[in-house]
Structures are given as C-alpha cells and as structure tokens.
K.L.:
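This is the structure I want to talk about, given as structure tokens.
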Amino acid sequence: MIILTSLVSGIMILAGLVFFLGGSIGMIRLPDFYSRLHSAGMLDTMGLMLTMGGMALYIIHDLTLNNVLSALKIILIVVFIFITSPTATHAIVDAGIRAGMKPWRKRGSEAGK
Amino acid sequence: MKILGKITITICGLLLLFFTSDFPDWGDVNSPASTHLSPYFIEHTIEDTAVPNIVTSVLADYRGYDTMFETTVILTAGLACFLLLRIPRKDSIHRYYRHEPTGVTIRVEGDRYPKGSNVFTRIDSSWVPYDLIINFTCRLLIHFIQLFALYVVAHGHHSPGGGFQGGVLLGASVILFAISGNLRAAIKRFGEKTAAILSSTGVFIYAGAGALCLFIGEQFLNYSALGPLLGTDRIMARSHGILIVEIGVAMAVMAVMIWIYYNLSSAGKQDEGL
C-alpha cells in the first residue's frame, strides 16, 4: 500500500514537473504575449495540480488526523489556484486585446499582416 | 548638481561598506543581540506572556511602543496621500450616462446630472464591459479572503500572522472588489469617511489600551494591568492585551490601504477610476 501510494505520488510529481519545464521553456521561447501567457497559465494550473496532488497523496500514506489535515490544506491551495489562475489569465488577455495588441501570425500566412 | 549627488552617494556607499566590517557575523553567538536579548525572549516568553509565538510577543508586547508608532506611520501615510492627492470635484467635469432603453450614451456637463433616475445609468469614461467570469470569481473569493484575514488576525499569537498581515488581506479584499467592479460601487460600500474613521480608531485602540494601563496605575502598554478588567490573571492578560492591540493594527492597516487605493486610482477625484 505504502509502495503503491509512493509510486503514484512520485509519478504525479514527475508529470507535474514536466508541465513546469514545458511552461517555463514556453514563456521564454514562444513568439508573443498571448502564447506566452498560454504557457504560463498551463504551468500554474496543470503543473501545480499534479505536483500538489502528488504531495497530498504522499502525506496521507500514514493515516493520522494531522496528515489528513495537511493534505486537505494542500488540496485547498490547489482549488483556489485552480479558480484564480485561469481568471487572471483571462483578465490579462482581455486587457491585452482592449489595448489593441495584435496576436502574432506566421509570416506569409494568409491572415497575417 | 548631478555630479554632486553622485559624489555624495559614492561617499555614503563607501562609508557604509567600510563600516560593515565592524558588524558581528551572520548568526554570531557572541554578538550582543544573541548574548543578551534573544536568549531572554526565547526562555521567558511563555512564562511572561503566555503567547507561544515569540515574534508576536516581541512585536506587540516587549516592543509594543515601537509597533504603536509603526501603526501611526501607516496612518500618516494614508493622511499624506489624502492631503496631497485629494481634490474636491467642483470644476466642470463631464460625466457619461447611458439611456438604458435605447442604449444611447450621453455626455452631461455642468451640474445637471440625472440623479436617482431609473432609465439613466452612470458609466465611467474609460468604461469596461461587464465581465461575468472576473466578477463571479471575485465574488466567490472575497468571502474566503476576508475569513482568512480574520483567522490571521485572531491567530497571531499561535502561528505566523497578526494585525499587519490580516489588515492587508482585509484591505486587499475590498480593493479586489473595486477592481472587479468599479470604484463607485466600492466607495458606496466602504466610503472615504469610513476609511478615515476606522484608520484613526485603530490607532486609538492601540494607544488607548496603553493609556488604560496608565490610568489603572502601571506603565504605559503594560497589559498586565488589564487583568482585573478582563477577568484573567496577570499573565493571561498580556496575551489578551496583544490581541486587542492586533485588532487595532488590523483596522488601521485595512482602512489606510483602501483609502490610499481610492486616492491613487482616481487621481484624487474619487469620482471614477479603476
């Protein structure tokens, strides 16, 4: 049982780190504001959900009241970030469009320029 | 003049760098701070004040006088923003109103504003359309932020937290409301007068708790004197005294944060803004 939860939580944390890595590479490499924001939003929600979920799972392998409470607190963090982070991304994109920022297009494509 | 400034800065920087060599090392056990004060605080906090959180007891009890003037500094910051930025709206500014049945927006000049009208609604000059997602999220979160802020204020003795942090959270919840909706809706719920009264009340609670001890016949801010009033022994009274003071700090910080935000975001007019 302990081995199984440790294994699952390890896999979840690793998968979350993959999202973090991809998100941070995307924030540097992607061409414009909107696509960078997309990768940043990805990093905040999916990466955080997987790593924190893995940690919560790892904590409750030893079932005591204190550990369950800690796991619940971690889950609360995830819930609030899951609500707020996409909203913040949405608001920033909205402000960018209202300020007249054009999305990036590939040079030579039909809709471009 | 610029060169003079640069020379002064260079000399000051060199002096500071030169004298840092006389400071005790980071975490030096033989430095005066770790040989006299810190051991006393660590060993005697529980028996003196019955507060498990040493930081809070140092902040609000051993150095309560210092924290009282920190709160006063915050009040002064709010007052300075008010006195520097606030301008009464008297000279002819125009407002925009929307006629709801037709959707026409009109610009009104002078003082002939349609007050209390059912068909005209006031809109900002930099008007932003209503956004369901942002509004819903903010409405959802504001309760939790305020609840957590009250927890932080009340739990400052036992865990990290206290008046300053809780006050900032409370203020941030109102500022979030103002950002998600508009400034006028926030001012209608938490007006400027409320902010002014609450900020000075917070400082008054702090100084008043100290002065009450003085009237009972002990030193200023010696909360043990409040024991008979609160119905506890002298040590527990220190813990309760810290809580009273923290509540005062939280009120002052919250009101000043909101007050500064109102003045900054509307450039002192408090008519329309972010």
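Lettering follows sequence order; numbering is per chain, from 1.
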K.L.:
Using a 6.0 Å cut-off, check whether atom CZ of B:Phe190 has over 12 heavy atoms from anything other than its own residue.
P.N.:
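More than 12 within 6.0 Å, yes.
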K.L.:
Of all the residues in residues 143-152 of chain B, which have a heavy atom that comes within less than 4.5 Å of a heavy atom in chain A?
P.N.:
B:Phe144
K.L.:
Check this for me: A:Ile3, atom CD1, are more than 12 non-hydrogen atoms of other residues, nucleotides or ligands nearer than 6.0 Å?
P.N.:
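Atom CD1 in A:Ile3 is not packed in, count stays at 12 or less.
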K.L.:
Is chain A contacted by the side chain of B:Ile134, its backbone, both, or neither, given a heavy-atom distance below 4.5 Å?
P.N.:
both
K.L.:
Atom OG1 in B:Thr137, atom NE2 in A:His90: separation rounded to 0.5 Å?
P.N.:
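Between atom OG1 of B:Thr137 and atom NE2 of A:His90 there are 8.5 Å.
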K.L.:
Hey, is CZ on A:Arg98 packed in by over 12 heavy atoms from elsewhere, all under 6.0 Å?
P.N.:
yes
K.L.:
Roughly how far, to the nearest 0.5 Å, is CG of B:Asp131 from OG1 of A:Thr87?
P.N.:
9.5 Å
K.L.:
For the CG atom on A:Leu63, are there more than 12 heavy atoms of other groups (residues, nucleotides or ligands in this structure) within a distance under 6.0 Å?
P.N.:
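Result for CG/A:Leu63: enclosed.
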